[in-house]
Number of protein chains: 2
Amino acid sequence: MTADVDYLNRYDASRFPSPLVTVDSVLFTLHQQSLCVLLVERAAPPQQGLWGLPGGFIDMQQDDGTRATALRKLTEKTGIVPSWLEELGTVSGPGRDPRGWSLTVAWFALIAWEDCEPHIATVSDARWVPVEQLGDYALAFDHGDIIQMALSRLRQKTMYSLLPVYALPACFTHGQLQEATEIILGQPIQRKSLIRRFEASGMFEETGESAATGARKARLWRRKPGVDIHLFSRNLLAD
Amino acid sequence: MTADVDYLNRYDASRFPSPLVTVDSVLFTLHQQSLCVLLVERAAPPQQGLWGLPGGFIDMQQDDGTRATALRKLTEKTGIVPSWLEELGTVSGPGRDPRGWSLTVAWFALIAWEDCEPHIATVSDARWVPVEQLGDYALAFDHGDIIQMALSRLRQKTMYSLLPVYALPACFTHGQLQEATEIILGQPIQRKSLIRRFEASGMFEETGESAATGARKARLWRRKPGVDIHLFSRNLLAD
DNA sequence: GTAATAGTGTCTTTGAGACAGTATCTT
DNA sequence: AAGATACTGTCTCAAAGACACTATTAC
């Protein structure tokens with residue numbers, strides 16, 4: 001290892017050509033019965049004026065990993081920290097960015113509409129787009145593909161976990177979770193199955209409060225602090 | 001988009017500091033009742049002499065993505081193309097490589113021992129290490145963590161797919177698949193459950209041949225050409 | 001024949017799907 | 001009381017777990 005000292009003294013990273021590295025996030029939320037993605041209008045070239053994912057370059061001074069980069073960019077746009085953030089994967093190649101060989105680390109996030117709505121309304125270059133309307137937008141680079149990757153991951157994971165809770169406010173009812181799950185999957189699910197899983201997951205506790213969202217008051221629940229997401233060994237909608 | 005032309009003429013990637021980008025692979029195989037990982041002795045600094053994952057820098061002339069980089073490096077070491085290769089994720093940060101802020105795209109691969117054994121024997125700086133013996137090796141960077149990520153992904157995926165077939169030769173018996181699965185999971189599984197899945201997957205066809213691996217001859221199977229891996233909606237060993 | 005591995009039959013168990021039934025709230 | 005939503009009970013169904021059983025080969 002002492003050989004390293006010598007080597008590192010002579011090492012100059014800038015001598016080696018290296019790909020352009022960016023970090024982009026697919027941030028989902030639920031609003032008005034629709035699954036929405038946050039898009040940002042590109043203010044500078046390349047592809048100025050097109051819509052794309054929130055993201056950008058790594059700040060090597062500040063960021064201690066690409067998760068930090070993703071969080072920093074998302075917080076700039078939404079004003080809050082997403083309650084779920086996981087790595088989706090990378091896309092790379094010589095042709096996807098006109099500036100040259102590039103690599104993007106894509107992240108995938110969920111947020112409650114209620115939590116960020118006040119802030120996002122003030123940002124004119126960011127917009128929540130329902131997934132069904134994505135076709136109306138000219139998307140930059142391969143961001144359309146990345147969004148499709150994220151969508152399929154979101155739907156897959158919804159089948160074997162209660163991921164949709166991360167798109168709900170801190171306190172919520174069974175009915176809200178069912179609605180969120182159905183919007184994400186695009187089809188109705190059995191309430192009974194959902195509640196069975198809800199109990200079995202051990203992820204939640206009652207607040208004691210109840211909410212009058214419908215005719216009868218519904219109990220309110222919250223995530224137990226510090227409890228990890230539970231993965232089920234069977235899928236919902238397994239046919 | 002015409003604004004891009006001007007912009008790109010003036011664009012010089014080397015003006016921006018960028019992280020060190022590498023691609024590393026965790027290549028698994030099965031040998032003598034053990035799950036093994038391919039390790040390579042580092043021939044040059046940093047961390048010369050330590051053992052690490054096969055990998056290296058992207059060749060921006062040749063590689064059309066990090067998958068190509070991973071394949072190129074694996075083929076150099078093993079002489080063959082792995083039958084399974086998927087992206088594991090990235091690790092990044094300022095402290096993991098002494099040369100500075102770095103990012104590694106990690107890939108995860110499976111190969112049949114029989115297919116690469118002749119070649120690997122001739123390469124003195126590469127070695128198959130049974131996972132139980134990883135503790136005996138001083139591993140470079142955070143390669144130990146990456147191997148653990150790969151191991152848990154491999155085991156997880158083995159629970160809801162027949163991934164272990166990719167660690168078998170082109171023709172194999174039910175018994176070999178069961179053995180492979182049990183080695184990977186580290187515990188016995190029900191042969192009946194495995195065969196039920198095997199049939200249901202639609203991934204395989206009989207060769208017509210049979211092999212005398214044990215007392216009674218066993219039928220030989222192969223993967224149907226062009227058929228994708230089947231994902232089950234329930235896990236094996238769900239307790 | 002025996003021993004050993006290959007392969008099948010079938011009962012149990014688990015958890016999702018379906019849906020009827022009861023409870024509680026607003027009007 | 002009526003109507004709506006919240007919640008429960010319970011039957012069916014699909015696939016895994018368990019394990020006994022039969023089949024084929026080597027010796």
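Sequence lines set the chain letters: A, B, ... in the order given, protein chains first and strands last, and positions in each chain run from 1. Both backbone and side-chain heavy atoms feed into the values below; hydrogens, waters and symmetry mates do not.
Each of Leu35(B), Leu38(B), Leu30(B) was checked for a side-chain contact (heavy atoms from CB on, under 4.5 Å) with Trp128(B), and the lone residue meeting it is Leu38(B).
Between His174(A) and dA6(D), a side-chain N or O to OP1/OP2 separation shorter than 4.0 Å is absent. Checking the phosphate oxygens (OP1, OP2) of dG15(C), no side-chain nitrogen or oxygen of Arg234(B) falls inside 4.0 Å.
Put simply, CG on Leu220(B) is 15 Å from C1' on dT24(D), counting in whole angstrom units. Rounded to an integer number of Å, the gap from CZ of Phe232(B) to C1' of dG17(D) is 16 Å. When the P atom of dA18(C) is taken as reference, atom CD of Gln178(A) falls 13 Å away, rounded to whole Å. Residue Glu206(A) contributes atom CD, which lies 12 Å from atom C1' of dC7(D) at whole-angstrom precision. Distance CD (Glu179(B)) to P (dT5(C)): 11 Å, rounded to an integer number of Å. Atom CG in Leu237(A) sits about 14 Å away from atom C1' in dG15(C), given to the nearest Å. Atom NZ of Lys217(B) and atom C1' of dT24(D) are 10 Å apart (whole Å).
With His143(A) contributing its side chain and Gly52(A) its backbone, the two residues share no donor-acceptor pair below 3.5 Å. Ser161(B) places no side-chain N or O within 3.5 Å of a backbone atom of His230(B) that could act as its donor or acceptor partner. Side chain of Thr173(B) to main chain of Ala218(B): no donor-acceptor pair is present (N/O by atom type, distance under 3.5 Å, no hydrogens or angles). Panel note: side chain Ser25(A), backbone Leu27(A); no donor-acceptor pair is recorded below 3.5 Å.
Using a 4.0 Å cut-off on heavy atoms, the residues of residues 186-205 of chain B that approach DNA chain C are Arg191(B), Lys192(B), Arg196(B), listed by number.
Distance from the side chain of Leu236(B) is smallest for dA16(D) among the nucleotides dA6(C), dA16(D), dA4(C). Checking dC7(D), dG3(D), dA6(C) against every side-chain atom of Arg219(A), the shortest atom distance belongs to dC7(D).
Annotation: ring pair (Phe, Tyr, Trp, His ring centres under 6.0 Å) contacts of Trp221(B) (sequence neighbours excluded): His174(B), Phe198(B).
Every pair passing salt bridge (Lys or Arg N to Asp or Glu O under 4.0 Å) that includes a residue from residues 126-147 of chain B is listed here, sequence neighbours excluded: Arg96(B)-Asp142(B).
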If you look only at distance, which donor and acceptor atoms sit under 3.5 Å apart when one is on a side chain in residues 77-91 of chain A and the other is two or more places apart or in another chain?
{"unit_1": "Lys77(A)", "atom_1": "NZ", "unit_2": "Asp125(A)", "atom_2": "OD2", "d": "3.2"}
{"unit_1": "Thr78(A)", "atom_1": "OG1", "unit_2": "Leu74(A)", "atom_2": "O", "d": "2.8"}
{"unit_1": "Thr78(A)", "atom_1": "OG1", "unit_2": "Ile80(A)", "atom_2": "N", "d": "3.3"}
{"unit_1": "Thr78(A)", "atom_1": "OG1", "unit_2": "Ile80(A)", "atom_2": "O", "d": "3.1"}
{"unit_1": "Ser83(A)", "atom_1": "OG", "unit_2": "Tyr166(A)", "atom_2": "O", "d": "2.9"}
{"unit_1": "Trp84(A)", "atom_1": "NE1", "unit_2": "Glu86(A)", "atom_2": "OE1", "d": "3.2"}
{"unit_1": "Glu86(A)", "atom_1": "OE1", "unit_2": "Lys157(A)", "atom_2": "NZ", "d": "2.7"}
{"unit_1": "Glu86(A)", "atom_1": "OE2", "unit_2": "Arg153(A)", "atom_2": "NE", "d": "2.9"}
{"unit_1": "Glu86(A)", "atom_1": "OE2", "unit_2": "Arg153(A)", "atom_2": "NH2", "d": "3.2"}
{"unit_1": "Glu87(A)", "atom_1": "OE1", "unit_2": "Thr90(B)", "atom_2": "N", "d": "3.3"}
{"unit_1": "Glu87(A)", "atom_1": "OE1", "unit_2": "Thr90(B)", "atom_2": "OG1", "d": "3.0"}
{"unit_1": "Glu87(A)", "atom_1": "OE2", "unit_2": "Thr90(B)", "atom_2": "N", "d": "2.9"}
{"unit_1": "Glu87(A)", "atom_1": "OE2", "unit_2": "Thr90(B)", "atom_2": "OG1", "d": "3.1"}
{"unit_1": "Thr90(A)", "atom_1": "OG1", "unit_2": "Glu87(B)", "atom_2": "OE1", "d": "3.0"}
{"unit_1": "Thr90(A)", "atom_1": "OG1", "unit_2": "Glu87(B)", "atom_2": "OE2", "d": "3.1"}

Please list, one pair per line, the donor and acceptor atoms closer than 3.5 Å that link side chains of residues 231-239 of chain A to other protein atoms, with sequence neighbours excluded.
none

Measure all distances between protein nitrogen or oxygen atoms and nitrogen or oxygen atoms of nucleotides 21-23 of chain D, and list the pairs falling under 3.5 Å.
{"unit_1": "dA23(D)", "atom_1": "N3", "unit_2": "Arg216(B)", "atom_2": "NH1", "d": "2.6"}

